[in-house]
Amino acid sequence: MYFSLRTKLFLPLAVLASVVSALCFTPLAGRHGMVASSEPIASEVGVEVLRDGGNAVDAAVAVGFALAVTHPVAGNIGGGGFMLIRLASGESVVVDYREAAPAAASRNMYVDSKGDLIAHASTVGVLSAGVPGTVAGLALAEEKYGKLGLARVIAPAVRLARDGFAVSYSLSQSLGQEGDRLSKFDASRRIFLREGRYYEPGETFRQPELAETLEAIAHQGAKGFYEGPVAQAIVATMQKYHGLITVQDLARYHPILRRPLVGHFRGYEILSVPPPSSGGVALIEMLNILEPLDLESPDSFESMHLMVEAMRHAYADRGAYLGDADFTPVPVARLTSPAYAAKLREEILHSKPDAPIAAGNPQAVESSQTTHYSVVDDDGNAVANTYTLNNGYGSGVTVEGAGFLLNDEMDDFAAKPGSPNLYGLVQGEANAIAPNKRPLSSMTPTVILQDGKLRLVLGSPGGGTIINTVLEVLLNNLVFKMDILQAVSFPRFHHQWMPDRLILERVGFSADTIQKLREAGYQVDLRGWMGDCEAIEIDPQSGWKFGASDPRAGGKAVGY
Ligand code: DON
């Protein structure tokens with residue numbers, strides 16, 4: 001059943017095509033190490049670090065800095081994210097380097113005197129930026145878990161920024177598409193748009209100011225960013241455009257080491273990220289609901305209906321209960337408990353598809369752009385890292401004299417509880433804006449263990465669709481027995497409770513299934529594509545690694 005996409009795409013090309021399809025659908029195998037990321041040069045950097053004796057964390061930190069140079073739409077040092085590290089020793093940790101609201105942020109900062117949201121205030125310009133977390137997070141990961149040291153792992157990024165790299169077709173396209181927003185800000189217009197002489201594929205893109213910033217970090221660690229000339233440049237840019245981030249905000253910022261959330265699904269152990277991401281909670285809640293159900297095939301009406309109902313419940317709960325747990329109580333244990341899932345499952349089995357639902361009552365039971373990359377090394381250490389500027393090219397603002405873009409992560413807060421954000425996500429009081437609080441994320445870097453051994457490392461961008469992309473790839477591999485590249489390639493669908501729409505990728509689902517979903521009452525919308533899953537599957541017996549970079553985007557898996 002799950003070959004339907006393959007079959008549709010390649011049957012007309014007969015015998016020759018079957019050879020091609022076999023090649024296209026073979027995950028990359030690596031004996032020793034594997035890196036899958038959204039940008040080929042960055043994946044090569046990761047493998048170069050592994051070959052040089054680095055571990056998965058060294059490689060992950062190197063890839064993070066390299067993407068900030070080669071993949072500026074989402075790779076960053078002016079944003080934030082979550083790194084899930086699972087060491088071969090069995091220890092696992094999440095580095096939460098999510099951005100924080102500046103101290104001067106306030107609940108109604110994006111609302112006018114009539115109580116209406118001010119258009120674009122939380123998505124464009126300096127006011128939309130949270131205090132960046134990436135440099136502090138990557139530096140902490142390197143210091144605690146890396147072997148080679150920050151200077152070595154940043155070196156490839158410094159080289160790429162200083163000497164430049166050939167602009168790819170996709171980078172040239174994406175810079176062109178975001179021209180309007182980037183052209184509003186002097187340094188963005190100069191660096192990314194060359195004052196209107198847009199970069200063509202194959203031209204060399206050099207970023208000398210960014211190279212200097214990266215060198216400051218290489219020499220001084222996180223202090224090279226949060227103090228001194230780079231910090232002053234951030235504050236000067238804030239002052240020029242009337243932003244909120246101060247020297248004190250930068251000095252106060254710190255990444256937080258958190259315990260991963262742990263769930264169980266049909267004998268597998270699921271490690272994922274806790275609040276301030278909603279990813280782990282929603283993923284585990286959905287897996288708990290689905291665990292005993294017969295999911296037969298991945299694109300039949302019957303299984304899609306069950307998965308969509310699990311999605312609707314988890315996203316309704318996300319909107320109602322989730323936020324930064326350091327600021328607001330979040331019922332994580334109850335939302336992820338099998339007993340709560342059992343209650344929701346009963347509701348699903350006894351209701352019509354798409355019946356109106358509100359967030360559940362967990363008290364009643366007892367008990368465009370972001371980017372993800374995955375790394376596994378020869379010893380079996382693994383890193384799943386998702387980080388972002390939020391929107392493509394973030395707020396559009398480049399820090400003057402320091403050469404990097406600032407995020408617009410403030411939009412992930414509920415700027416006005418009950419109103420949708422950039423991704424249409426409706427969120428509540430738990431995610432209201434407060435000084436120093438971290439906005440709720442959907443990022444879902446995830447590691448799956450089988451009998452205590454590494455089995456899958458994955459994650460994706462895609463705003464509100466991230467959690468469902470991870471859910472679907474995981475089920476495709478573990479339940480529907482697709483290899484990791486098939487699992488990543490397979491068509492996707494998404495429901496986030498509100499708006500009440502079931503989104504299906506345009507290519508790959510049968511007319512029959514779409515008709516059944518519509519007849520059942522779902523408002524089905526067909527869209528281009530969603531997500532960019534970068535995944536690694538590990539054969540627990542042999543230790544061989546199989547990398548899959550999502551064919552929807554321009555990434556690459558590299559192994560050795
Ligand atoms: O943290 C979040 O959930 C969002 N800022 C992620 C944004 C994103 O994935 C955009 N990518 N397509």
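Note that ligands are numbered from 1 as they come in the structure, with each ligand's atoms numbered from 1 the same way.
- Residue contacts with ligand 1 for I466 involve side-chain atoms from C-beta outward but no N, CA, C or O (heavy atoms, distance under 4.0 Å).
- With 3.5 Å as the limit, one finds a donor-acceptor pair spanning the side chains of H372 and S374.
- Only the side chain of R98 comes within 4.0 Å of ligand 1, judged by heavy-atom distances.
- Using the six-membered ring where Trp is involved, Y315 and H494 have ring planes that are perpendicular, over 60° apart on the 30 and 60° scheme.
- Looking at Y423 next to ligand 1, no N or O pair under 3.5 Å apart turns up.
- Checking D532 against S38 by side-chain atom types alone, a donor-acceptor pair falls below 3.5 Å.
- Under 4.0 Å from ligand 1, heavy atoms of T370 appear from its side chain as well as its backbone.
- Residue contacts with ligand 1: P461 is placed with no nitrogen or oxygen under 3.5 Å of a nitrogen or oxygen of the ligand (distance criterion only).
- Near D412, meaning under 4.0 Å from one of its heavy atoms, ligand 1 places the atoms 1 (O), 2 (C), 3 (O), 4 (C), 5 (N).
- Close contacts between ligand 1 and S441 involve ligand atoms 1 (O), 2 (C), 3 (O) [criterion: under 4.0 Å to a heavy atom].
- Listed by atom number, the atoms of ligand 1 under 4.0 Å from M443 heavy atoms are 1 (O), 3 (O).
- Side-chain polar atoms of N76 and T134 form a donor-acceptor pair below 3.5 angstrom.
- Numbered from 1 in the order shown, with element, the atoms of ligand 1 that lie under 4.0 Å from a heavy atom of S442 read 1 (O), 2 (C), 3 (O).
- For the residue pair R501/Q496, the side-chain donor-acceptor check at 3.5 Å is not satisfied.
- For the residue pair T465 / N468, no side-chain donor-acceptor distance below 3.5 Å is found, with atom types taken as modelled.
- With 3.5 Å as the limit, one finds a donor-acceptor pair spanning the side chains of Y97 and N385.
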